[in-house]
Amino acid sequence: PFMAMAQLPHFSKIIDKYSESEGVTAMTVNKQMIEMFAGDNKDFDFVDEVQILLSENTETAKSIVDDAKKAVKKSKVKGLISANDDGATFTVYTKSDGDIFTDIVVVVENEDPSGFIVITGDIPQDKISEIVKIANM
């Protein structure tokens, strides 16, 4: 079910691999659900899907992050920014088609939780900072 809309299948495979593990939060939110949550708010109309995989279990989280880093290489996404905030590292990768980003991947390495978020859609450049702020919760 996670593979249905995914533009970056390597990340979907990681979600499938870990989704049933203890201490793991795995979620895929499709466009229909995003529209339901947003209501009349059109700020995120450009998002088609959000995939989230996070773990509070240290060993599992390390494995997820390691697999995500391998998926980054296979998916040919490009590093946009890396930030270290109070012991947590947030690395943002993007895939673009001209001036529009088609995928944004945020890999989070933290004491807990760690994992990744994948946002798929037709994402305008001016929305990137908003997405990074949300991912940096």
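Computed from heavy atoms alone, side chains included, the values below leave out hydrogens, waters and symmetry copies.
- Shown here is Asp97, whose CG atom has no more than 12 heavy atoms of other residues, nucleotides or ligands within 6.0 Å.
- The two residues Asp99 and Gln125 make their nearest non-hydrogen contact at O-CG, 3.3 Å.
- Under the ring pair (Phe, Tyr, Trp, His ring centres under 6.0 Å) criterion, Phe101 pairs with no residue at all, not counting sequence neighbours.
- Rounding to the nearest 0.5 Å places CE of Met33 at 12.0 Å from OG1 of Thr28.
- Judged by distance alone, the side chain of Lys31 and the main-chain N or O of Glu49 form no donor-acceptor pair under 3.5 Å.
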Kindly list each side-chain donor-acceptor pair under 3.5 angstrom involving residues 70-83, sequence neighbours excluded, with atom names and distances?
residue: Ser75; atom: OG; partner: Ala71; partner atom: O; Å: 2.8
residue: Ser82; atom: OG; partner: Thr91; partner atom: OG1; Å: 3.3

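- Taking each heavy atom of Ile100 and Pro124 in turn, the nearest pair found is CD1-CA, 4.2 Å.
- To the nearest 0.5 Å, the span separating CD1 on Ile117 from CD1 on Ile52 amounts to 5.5 Å.
- The distance from atom CE of Met27 to atom CG of Leu54, rounded to the nearest 0.5 Å, is 8.5 Å.
- Counting only heavy atoms from C-beta outward, the side chains of Ile15 and Phe116 approach each other to under 4.5 Å.
- Residues satisfying the side chain to side chain contact (heavy atoms under 4.5 Å, CB included) criterion with Glu56, sequence neighbours excluded, are Asp112, Pro113.
- Checked against Thr120 for a side chain to side chain donor-acceptor pair (under 3.5 Å), the options Asp48, Asp103, Asn30 give a single hit: Asp103.
- In terms of the ring pair (Phe, Tyr, Trp, His ring centres under 6.0 Å) criterion, Tyr93 has no residue partners (sequence neighbours excluded).
- In this structure, CG on Leu8 lies 11.5 Å from CD1 on Ile119, to the nearest 0.5 angstrom.
- Here Phe46 contributes atom CZ and Lys127 contributes atom NZ; the two are 5.5 Å apart, rounded to the nearest 0.5 Å.
- Every residue two or more places apart in sequence or in another chain was checked for a salt bridge (charged side-chain N to carboxylate O under 4.0 Å, His left out) with Asp122, and none qualifies.
- Residues satisfying the side chain to side chain contact (heavy atoms under 4.5 Å, CB included) test with Ser55, not counting sequence neighbours, are Val24, Asn57, Thr60, Ala61, Ile64.
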